[in-house]
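First up is the structure itself, then whatever we jot down about it.
Every value quoted in this text rests on a predicted model; they were computed, and no experiment measured them. Just follow the structure's listing: the first ligand is 1, and inside any ligand the first atom is 1.
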Amino acid sequence: MENMKNSIINCATLDELEKVRVEIFGKKGALAAEFAKLKSVPGPEKKAFAEGLNKQKAELQRLFDEKMEEIKALELAKRLKSEAIDVSLYSSISHKGALHPVKDTMDRIVDYFTALNFSVESGPMAEDDFHNFEALNLPKNHPARDMQDTFYFSDGSLLRTHTSPVQIRTMMKGEAPIRIIAPGAVFRRDYDLTHTPMFHQVEGLVVEKGDKVGFAHLKWILTDFLHEMFGDVEVRFRPSFFPFTEPSAEVDISCIFCEGKGCRVCSHTGWLEVLGCGVVDPNVFEAVGYKDVSGYAFGLGVERFAMLIHKIPDLRSLFEGDIRLLEQFR
Ligand code: PHE
């Protein structure tokens with residue numbers, strides 16, 4: 001008995017323990033041999049003998065189980081130690097990722113406006129006719145819809161052609177004052193050097209009760225914003241048309257490639273068009289049920305900003321995922 005106990009206690013590995021298990025508890029093991037003796041024990045002593053054996057067997061089993069737990073715990077600790085990763089170890093491999101230039105540019109634009117207390121809104125990319133066109137004063141058969149040809153689903157919904165529907169969604173779920181920007185993907189049937197079927201816009205909308213805001217505020221904020229984005233450039237507001245703003249303007253900056261002298265990028269005009277804006281058209285306020293309010297809105301193409309900031313000649317290259325291009329923006 002003491003022998004058996006000692007052989008269990010002296011085990012140091014699971015393998016050794018397994019060997020001992022066979023030796024003691026196995027069919028031909030030491031315990032089996034003890035139990036075999038039962039046959040030759042005289043009748044009256046059999047019971048006491050058997051009870052004694054069973055007690056010993058239970059004691060051995062307990063020792064064995066304890067040992068098993070102990071060795072397992074030790075082996076686990078050993079494994080954890082040997083497999084530990086030293087995170088402080090210096091590595092010469094560094095494949096650092098970077099933000100895509102479009103995302104980076106979007107963040108910069110969003111940061112400017114959130115610093116001025118604009119909140120960020122979003123809307124669905126699959127829009128309905130009401131939010132994308134109708135409520136924005138673009139009735140069915142309006143010729144301006146042609147400027148924004150898009151992709152339609154069989155249920156009549158469409159891929160939004162601009163982020164302006166977020167203006168409608170925001171106004172319909174709340175009331176003035178509103179001060180939001182809405183960054184997001186938009187879609188048009190277009191594909192050339194400066195157009196891709198999917199691109200990103202940032203929309204802006206400010207609405208106040210009464211006649212508190214007007215074109216002057218719009219002009220101030222956009223001028224400041226463009227200086228923040230492009231540095232020391234000239235900013236020019238040019239009369240234009242959008243169905244959802246009146247008056248409307250397109251905004252140009254002096255060409256950052258030739259400093260306004262005229263080059264290929266600015267088509268020798270010295271100016272680069274960077275965004276559209278205007279004072280919210282009363283028809284839009286009427287469509288969302290707003291009364292006695294005033295507001296302005298603007299929208300810009302993020303890829304265009306990214307191209308100008310990083311001087312990227314072909315817009316399509318932003319979406320080709322070419323690692324050689326992307327690596328330049330680390
Ligand atoms: N939605 C217009 C476009 O996509 C941009 C715009 C937004 C113009 C808001 C005026 C006001 O071209």
For ligand 1, run through the N/O pairs with the protein that fall under 3.5 Å and put one pair on each line.
from	atom 1	to	atom 2	distance (Å)
ligand 1	1 (N)	H162	ND1	3.0
ligand 1	1 (N)	S164	OG	2.9
ligand 1	4 (O)	R188	NH2	2.8
ligand 1	4 (O)	Q201	NE2	3.0

Original post:
Got a salt bridge between E66 and R62, using NZ or NE/NH1/NH2 to carboxylate O under 4.0 Å?
Top reply: yes
Original post:
Is there side-chain contact between Y112 and D224, with heavy atoms separated by less than 4.5 Å?
Top reply: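 Contact flag for Y112/D224 side chains = yes.
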**OP:** Check the angle between the aromatic planes of F329 and H310 and answer parallel, tilted or perpendicular using the 30° and 60° thresholds.
**Re:**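 Rings of F329 and H310: perpendicular, as their planes differ by over 60°.
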**OP:** Kindly give the heavy-atom pair with the smallest separation between D281 and P243, and that separation in Å.
**Re:**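 Nearest pair, atom of D281 first, then P243: OD2-O, 3.7 Å.
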Subject >> Closest non-hydrogen atom pair between V20 and C11, with its separation >> reply: CG2-SG, 3.5 Å
Original post:
Under the 4.5 Å side-chain heavy-atom rule for ILVMFWY, direct or indirect, which residues accompany Y90?
Top reply: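 Listed partners: none, Y90 stands alone.
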